[in-house]
Structure formats: structure tokens, C-alpha cells
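Written out below as C-alpha cells is the structure these notes cover.
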Amino acid sequence: MSYIRDVLNEEHDGSAVHLRGWVYRTRSSGKLSFIVLRDSTGIIQLLASTRKLQDDKYREISSLTIESSLEVMGILRKDDRAPTGYEVEIEDFKLYQRNENYPITKDQGEEFLLDNRHLWVRSREFTAMMKVRSTVFKAFADFYFKHGYYEVHTPFMVSTAAEGGSTLFKVPFFDEEVYLTQSSQFYLETMIFSLENVFTIAPSFRAEKSRTWRHLTEYWHGEVEAAWLHNEDMMQVEEQMIEYIVQEVVKNNTEELNALGRDVEFLKRIKAPFRRIRYADLIKMTESWGLGMKYGDDLGADEERAIMVHFDQPIFVTHYPSKLKTFYHMPDPDNPDEILCHDMLAPEGYGEIVGGGERISDLNLLEKRMEDYGLNKDNYYWYLDLRRYGSVPHSGFGLGLDRLVLWILHLDNIKEAIPYPRTIRRTKP
RNA sequence: GCCGCCGUAGCUUAGUUGGUAGAGCACUCGGCUGUUAACCGAGCGGUCGUAGGUUCAAAUCCUACCAGCGGCGCCA
């Protein structure tokens with residue numbers, strides 16, 4: 001038994017092969033039928049003819065429906081007329097299931113494909129996306145293992161919010177209520193005091209009624225927290241990480257990138273270091289681009305898009321005014337109205353993929369900031385304890401892994417970057 | 001939370017000023033020994049999202065409801 005990819009070569013020309021998979025296309029020409037077989041590795045054209053098959057067997061295989069499952073034995077031959085250059089003339093086959101009509105046909109609407117995502121995941125296009133996504137997640141973890149980080153796991157059911165209270169999903173929990181996590185950050189912070197450098201890959205949940213091309217209510221979050229690192233140190237880690245992930249995709253998924261029409265040469269040029277631009281300087285730059293922004297404005301989707309068409313590498317935007325970010329960010333000692341944080345914006349108009357920065361390590365300052373934000377300190381007793389016992393400077397970030405896949409593949413909508421997108425109006429399939 | 005849009009056959013859709021629905025694909029049957037989302041011929045397939053209203057007459061006009069899509073804000 002072989003995979004299709006492994007027999008598509010000169011070495012197997014003329015030899016007997018044994019393949020299994022699903023019917024991708026069928027074409028019949030009277031007493032000659034072509035079946036394109038698909039497996040996880042690729043496609044190959046099968047030839048069925050009455051030369052090799054009895055009439056009843058020929059009738060059975062020449063009338064196969066799309067996505068029927070089967071196993072075939074035959075002789076492989078090089079043939080330029082076949083879609084992938086080789087063809088197998090069927091000598092015998094075993095049918096696992098002859099399908100009813102497959103719901104997905106050549107005319108496909110967006111909503112229909114979302115309703116039938118459980119079948120659409122078989123498409124060559126989606127298969128290619130999932131292979132790249134697999135590389136991205138593996139490369140993220142590998143990068144940190146190579147740099148001495150530990151992978152840790154944090155609870156998904158939590159009792160305190162990382163950001164604000166309004167965007168949490170409530171879940172019944174025996175006689176109480178808990179929330180689905182929005183971020184693992186606070187738990188990661190607890191672990192730097194033993195492991196020093198930690199990361200996790202976990203879903204985050206946001207009950208925001210977002211309807212945009214780059215928001216999901218459930219998304220995959222790659223998060224890192226490291227002791228002793230300052231804002232600039234963390235940015236150096238991140239730019240190396242992004243370069244590593246992108247180059248791993250280039251190295252391992254050239255075929256998929258080509259199948260999806262992604263410009264591989266562009267991705268090859270993604271290299272650290274990335275430019276750092278202070279928020280205040282970025283606002284000045286936007287004046288010459290006519291964006292009409294003033295100091296204190298947040299970067300919206302339209303602004304990010306308009307800014308990022310001017311860059312062909314990711315950039316860091318640093319030193320945001322503190323009122324634009326949440327309470328735990330470290331104020332800049334040289335200018336306490338700005339914070340030691342950074343967002344990484346992806347080029348080609350894709351915008352924010354990472355948000356991170358240095359955390360406040362001083363207890364009094366953190367308590368004051370929480371008061372300013374109207375938070376109940378009792379709920380955060382354990383987070384505050386980290387600043388009571390052996391507090392150290394530390395930094396971290398959160399990476400939207402689905403957004404990273406979205407950018408790397410130059411897709412139009414984040415729903416194309418995840419098998420089962422969860423949005424405000426979709427929980428099925 | 002705000003703004004906009006759509007719903008006609010299994011899928012993709014046409015339907016003019018209101019006059020009882022037309023096509024392509026899929027499927028079934030027939031034809032074809034080199035097809036490339038094959039092609040040719042025939043057939044099957046519709047409470048026009050639901051409910052109400054206006055009218056001699058509603059897919060078309062009005063109201064409500066249901067379902068979904070796109071964009072903004074928020075963020076990753």
C-alpha cells in the first residue's frame with residue numbers, strides 16, 4: 001500500500017501499485033473511464049477500461065460517485081495527458097463505500113460551504129491550508145523548545161478576566177458560574193517564577209459581537225512569558241520567531257503555497273530585524289499619507305491597512321499612550337504617559353498579529369493602575385502576590401495563530417484559516 | 001452596540017412596469033476507447049425563507065418574524 005505522492009515518480013513507472021483513497025473526479029468516455037483518486041498526499045488519475053476489467057466490474061467502477069472510498073491495484077505509467085503526469089490502469093479494486101450524491105458540487109456559495117465545512121475540509125484548497133496551519137503551530141512550539149522555553153498548560157475555565165468583564169463567556173459550573181478564558185497570560189506569569197521562560201498554545205474566547213474579516217469568538221492563541229526580559233528583549237524574540245515560522249512554511253509547504261497562489265518569494269524575504277516605530281512617530285508618518293490621525297487615536301482596521309501597505313516586512317509599533325492599553329503594561333520611566341508595549345503589524349495590509357510588552361512588576365504601581373481601571377483587587381489576589389514575592393522584570397506577548405495563518409497564506413477572511421470557525425452567528429458544524 | 005445586504009430546484013442563479021417560474025451544474029437514461037470541473041441528446045427536480053396584508057392577479061408592492069452574509073467598533 002502506498003501514498004499517491006510516493007508513486008508519482010520515474011522510479012515507479014511501469015510497476016504495480018496499490019493505492020487507496022477517495023474519488024475526486026470522474027470522466028467517462030464510453031468504454032473508457034477516468035477516475036481521479038485523492039488521498040492525503042495528492043491526486044492521481046486512474047484509468048478503467050474493458051481491456052483489464054470484466055463488464056460488471058467495469059460498470060461498477062465507471063459509475064462511481066464523488067468521494068466514494070476505494071482501494072485499487074494497477075500498473076502505473078507515465079502519461080503527459082494525466083493531471084499529475086502519471087496514470088494507473090486499474091487491474092482490480094475494492095470498493096469501501098459507493099456514495100449517495102455528494103452535496104458539494106462545482107457551484108459553491110460561501111454560506112453553503114460553511115454549512116458543509118465538515119465535507120469542505122476534504123477539498124484540495126482546504127487541505128493545503130490545513131497543512132500550512134499544521135506547520136505554523138509546530139514551528140511556533142519548536143522555536144520556543146529550541147530556545148529553552150517550557151510548554152505549560154493553563155485553565156480554560158477561569159474566575160477572573162484578563163481585560164474587561166463584558167467580553168467573557170459565562171459557563172455554568174455546578175452551583176456557580178465561571179468564564180471561558182480570554183488569555184492565559186496571568187497564569188503564564190505565575191509560572192515564570194519557577195520555569196523562567198514559558199509558552200502555551202490554547203484557545204481564547206471573546207464574547208465580542210465582532211463581525212469582521214479578522215475576528216473569531218474562539219481563536220488559537222500562542223502566548224509567551226519570560227522572566228528578566230524587557231520590552232526590547234521580547235521584540236527580539238518575536239521577530240526571530242516570526243522569521244522562523246515563515247521560513248519553516250516556505251521550506252515545508254512550497255507545494256501548498258503554490259496551490260494556494262501565495263507569492264513564495266515574498267515570504268522568503270521575511271527576515272528579522274523588523275522596524276520599530278514609536279506610536280508618536282507613526283502618527284507623524286500617517287500625516288504624509290493623509291490618514292487624518294492625531295495623537296491619542298487608536299489604530300483601527302482601516303488605519304492599520306492603510307499603514308501596512310507601506311511596508312513589506314512586519315513592523316513593531318511601540319510606546320502607545322497608556323490610555324489605549326490595559327492596566328498591566330509597564331509605563332515608560334522616561335515618559336510615564338506612554339507604556340513599554342508593542343504590537344506587531346503584518347504587512348500587505350494585514351495588521352495586528354501580536355500584542356505584547358513589559359508587565360508592571362511593582363506592587364504599588366500595579367495596585368494603583370487597577371484602581372484607575374476600577375478593578376476589584378480581591379479577585380486578583382494571586383496576580384498581585386506575584387509582585388509580593390520575588391518580583392522580577394518580565395515581558396510577554398500573545399500571538400493570534402489564526403491571524404498568522406491568514407497573513408502567511410494571504411487569505412481574505414480568518415474563517416478560511418481555521419477548520420471550524422466560531423463567530424457570533426455560527427456554532428455549526 | 002452601529003451600518004449595509006441577501007433568502008427562487010440538492011447547488012449556482014435569471015425573472016423587465018405586478019399577469020401563476022427559466023437556465024447551468026448535480027442526479028437518472030442513452031451515445032462516445034484519451035478525458036482534463038470532458039462532451040452530445042433526453043428526463044427528473046419549485047408551497048419563490050415563514051406569516052399576514054394590498055390587488056381581479058404577488059417571486060415582484062407593504063408589514064412583521066426567521067435565517068444568513070458583509071463592514072465598523074473592540075482585539076489577537
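Note that the structure is predicted; figures quoted are calculated from it, not measured. We name chains A, B, ... by the order of the sequence lines, and we start the count at 1 in each one.
Here the C1' atom of nucleotide A67(B) and the CD1 atom of I424(A) are 14 Å apart, to the nearest Å.
Residue Q45(A) has its side chain nearest to U35(B) when only C69(B), U35(B), C75(B) are considered. Closest to the side chain of K209(A), from the set G1(B), U33(B), C72(B), is G1(B). Looking at the side chain of K415(A), the nearest of the listed nucleotides G34(B), C75(B), G70(B) is G70(B). Nearest to the side-chain atoms of R403(A) among the listed nucleotides G34(B), A76(B), C69(B) stands A76(B).
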RNA chain B in dot-bracket, Watson-Crick or G-U pairs under 3.5 Å, [ ] crossing, | other strand? (((((.(..((((.....[..)))).(((((.......))))).....(((((..]....)))))).)))))....

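Aromatic ring centres of W22(A) and Y96(A) lie farther apart than the 6.0 Å criterion allows.
With hydrogens and angles left out, the side chain of S210(A) and the base of G73(B) share a donor-acceptor pair within 3.5 Å.
On the P atoms, G70(B) is 14 Å away from U13(B), given to the nearest whole Å. Between the P atoms of G45(B) and G22(B), the separation comes to 14 Å (whole Å).
Atoms CG and CG, on L409(A) and L257(A) in that order, are 6.5 Å from each other to the nearest 0.5 Å.
Within the structure, side-chain hydrogen bond (donor to acceptor under 3.5 Å, both in side chains) pairs that include any residue of residues 60-69 of chain A comprise R38(A)-E67(A), S63(A)-R98(A), T65(A)-S68(A), E67(A)-R122(A) (at least two apart or interchain).
A heavy-atom distance below 4.0 Å to RNA chain B is reached by these residues of residues 344-355 of chain A, ordered by number: E352(A), I353(A), V354(A), G355(A).
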Name the atoms and distances for all side-chain donor-acceptor pairs under 3.5 Å in residues 23-33 of chain A, with sequence neighbours left out.
unit_1	atom_1	unit_2	atom_2	d
R27(A)	NH2	Q45(A)	OE1	3.2
S33(A)	OG	Y58(A)	OH	3.0

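In terms of the ring pair (Phe, Tyr, Trp, His ring centres under 6.0 Å) criterion, residue partners of F143(A) (sequence neighbours excluded) are, by chain and number, H147(A), Y244(A). For M191(A), the side chain to side chain contact (heavy atoms under 4.5 Å, CB included) partners two or more places apart in sequence, or in a different chain, are V152(A), T154(A), V198(A).
Using a 4.0 Å heavy-atom criterion, one finds that W213(A) contacts the sugar-phosphate atoms exclusively.
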